[in-house]
Amino acid sequence: MATASDKHRTKFLLDEKDIPAKWYNIMADFKTPPAPVLHPGTGQPIGPQDLAPLFPMELIKQEVSQERWIAIPDGVRDVLRLWRPSPLYRARRLEKALGTPAHIYYKYEGVSPAGSHKPNTAIAQAYYNKKEGVTRLATETGAGQWGSALAMACQMFGLQCKVYMVKVSYQQKPYRRIMMETWGAQVVPSPSPDTQAGKKILAQDPNSPGSLGIAISEAVEDAATRDDTKYSLGSVLNHVLMHQTVVGLEAKKQLEKADDEADVLVGCVGGGSNFAGFVFPFAADKLAGRKKKLRIIAVEPSACPSLTKGRYVYDFGDTVGLTPLVKMHTLGHSFVPAPLHAGGLRYHGMAPLVCKLFDEGVIEATAVPQVATFKAAVQFARTEGIIPAPEAAHAIRVVIDEAERCKQEGKRRTIAFNLSGHGHFDLGAYDAFLTGKLQDYEYPAAKIEEALRQLPKVQA
Ligand SMILES: *Cc1c(COP(=O)(O)O)cnc(C)c1O
């Protein structure tokens, strides 16, 4: 219970012993089972043996587990201790600037060494791979957020790490690459001559700028063709979302310390992992019939609106069409989003567990344009100090809009959001905004329609 002096704090901190001992698995609380993942060739549900070349068995088990709580190994908690528990802040200065009666809180995941929430799962994934005798991980990265998280995690457990980095980012954004190399990873621009997939693309177009889809193909091929190597993914999958629930479990405790209760929860969604990690422990109450009035809002960019404009059907997880088929809100795997500055939100699909909650009306979704998002980001930086990652700024846009609404309606609501990372490697985007060069992209209706026509045909 909070004491009077606790409530007036700006930071709500927990002790290291309060790092959650268990992850929360939302699958235990669904009334109906999630749609099965299908083999792209046979159309039949896939089994553990289909995934075994790519992932260690413990992660495959977690992917389909129905257990509500899964113990976090001490070896994982020992590393999480380096930055967890992360702080929950009351945004008193932003509240004041807005003149809103709302209470605004943010959980700050930018305190991790890589600067985002992504190490929460990278550490767990590296741990289980190490435990099962894997010595090397392969992955892809776009702008480098996931690659840097995994590079650090691999170093912590003595694993080698190979990162296929989309070539344009490799050339234009060297700092994340340098972080990865500092943590000991081998980083190559993708397409690379190191894989058959890369060689094929390079033969067609030696100057290919690369894409996330190509980089995924390279990393998966790397893992599938080497006995010592497995593949690692930074979002979308059930086990990744579950590893992120440490965020929401801590936030729940911290709100109790603040003697407050959330009316509105907000998070940005790319593949859905930081949003899920933050909100699933609260969504558990709604699924159990409690806290019926709690609103949970997922925010996506209007240029890549998979929840708000996509179709809830089976589609490939990657751009090329190699992965199993998953039921999700998708813009079509061939959809190529505009070159948004929030690189982490440029995904054609969405985590199936997030989609299921959306489909069942447990959560809402909204889309916001880029310029308004940066306006919110700068307002936040100028009041609270922290320069937010452009991805997280999407959540801030909606938080500010909700707080303004509280003011108009004279309602004191409590709004909490996940500040998924800092924007120190995104200053080029801030520069574009500050010099008036940042542009909005129109809702790409024609491109989405075209991509939706190329959805795989699945009877389900
Ligand atoms: C990668 C990333 C995202 C988007 O990924 P999710 O899986 O949707 O969380 C959001 N914010 C930051 C800071 C990221 O690095």
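Along the sequence shown, the residues carry numbers beginning at 1.
A cation-pi arrangement, defined by a distance under 6.0 Å to the six-membered ring centre and an angle within 45 degrees of its axis, is present between Lys356 and Phe30. Within the cation-pi definition used here (under 6.0 Å to the ring centroid, within 45° of the axis), Lys107 does not qualify as a partner of Phe417. Under the 6.0 Å distance and 45° angle rule, Lys375 does not count as a cation-pi partner of Phe433. With a 6.0 Å cutoff to the six-membered ring centre and a 45° limit on the axis angle, Lys327 counts as a cation-pi contact of Tyr312. In this structure, Arg177 forms a cation-pi arrangement with Tyr170, its terminal cationic atom sitting closer than 6.0 Å to the ring centre and no more than 45° off the ring axis.
Judged by distance alone, the side chains of Ser273 and His117 do bring a donor and an acceptor atom under 3.5 Å apart. Between the side chains of His239 and Glu58, no donor-acceptor pair of N or O atoms lies under 3.5 Å. A donor atom on one side chain and an acceptor atom on the other are found under 3.5 Å apart for Tyr231 and Glu140. Between the side chains of Ser116 and Gln145, not a single donor N or O lies within less than 3.5 Å of an accepting N or O. Donor-acceptor pairing under 3.5 Å is recorded for the side chains of Gln454 and Glu450. For the residue pair Trp183/Ser148, the side-chain donor-acceptor check at 3.5 Å is not satisfied. With hydrogens and angles left out, the side-chain atoms of Asn120 and His243 include no donor and acceptor closer than 3.5 Å. For Ser86 and Glu109, the side-chain atoms include at least one donor-acceptor pair closer than 3.5 Å.
Atom CG of Asp315 is separated from atom OG1 of Thr330 by 4.0 Å, given to the nearest 0.5 angstrom. To the nearest 0.5 Å, atom CG of residue Leu255 and atom NE2 of residue His103 are 11.5 Å apart. Atom CZ of Phe55 is separated from atom NZ of Lys230 by 10.0 Å, given to the nearest 0.5 angstrom. With rounding to the nearest 0.5 Å, the separation of CG in Leu94 from CD in Glu384 is 5.5 Å. Remark: Arg92 CZ to Lys96 NZ distance equals 11.0 Å, nearest 0.5 Å. Taken to the nearest 0.5 Å, the CG atom of Leu419 stands 5.5 Å off from the CD1 atom of Ile396.
The local environment of CD in Glu404 is crowded, with over 12 non-hydrogen atoms from other residues, nucleotides or ligands closer than 6.0 Å. No more than 12 heavy atoms of other residues, nucleotides or ligands shown are found within 6.0 angstrom of CD on Glu261. The 12-atom threshold is not exceeded at CD of Glu67, counting heavy atoms of other residues, nucleotides or ligands nearer than 6.0 Å.
With hydrogens and angles ignored, the 3.5 Å screen pairs no side-chain donor or acceptor of Ser169 with any backbone N or O of Met165. Looking at Glu300, its side chain never comes within 3.5 Å of a backbone N or O of Val269 through a donor-acceptor pair. The main-chain N or O of Val299 is never found under 3.5 Å from a side-chain atom of Thr366 such that the two would form a donor-acceptor pair.
Note on ring orientation: taking the six-membered ring where Trp is involved, the planes of Trp69 and Tyr24 are tilted (angle from 30° to 60°).
Taking 4.0 Å as the cut-off between side-chain N and carboxylate O, Asp29 and Arg68 count as a salt-bridged pair. In summary, Arg413 and Asp263 do not engage in a salt bridge, as defined by a charged side-chain N under 4.0 Å from a carboxylate O. The pair Asp401-Arg405 fails the salt-bridge criterion, with no side-chain N (NZ, NE, NH1 or NH2) lying under 4.0 Å from an Asp/Glu carboxylate O. Between Arg81 and Glu16, at least one side-chain N (NZ, or NE/NH1/NH2) sits under 4.0 Å from a carboxylate O, which counts as a salt bridge.
A 4.5 Å side-chain heavy-atom check between Val313 and His329 finds every atom pair outside the cut-off. In this structure the side chain of Leu287 reaches within 4.5 angstrom of the side chain of Leu357, judged on heavy atoms. The side-chain heavy atoms of Pro20 and Glu250, taken from C-beta on, include a pair separated by under 4.5 Å. In this structure, the side chains of His341 and Leu438 come closer than 4.5 Å at one or more pairs of heavy atoms.
When Phe380, Phe425, Phe374 are each tested for a ring-ring contact (aromatic ring centres under 6.0 Å, His included) with Tyr430, only one passes: Phe374. Partner of Asp260 under the salt bridge (charged side-chain N to carboxylate O under 4.0 Å, His left out) criterion, chosen from Arg9, Arg412, Lys253: Arg412. A ring-ring contact (aromatic ring centres under 6.0 Å, His included) with His333 is found for exactly one of Tyr347, Phe316, Tyr314, namely Phe316.
In this structure, Tyr89 has its ring center no closer than 6.0 Å to that of Tyr105.
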Side chain to side chain contact (heavy atoms under 4.5 Å, CB included) between Ile104 and Thr414, intermediate numbers included = CA-CA 6 Å; Ile104 302 175; Thr414 294; over 6 Å; no
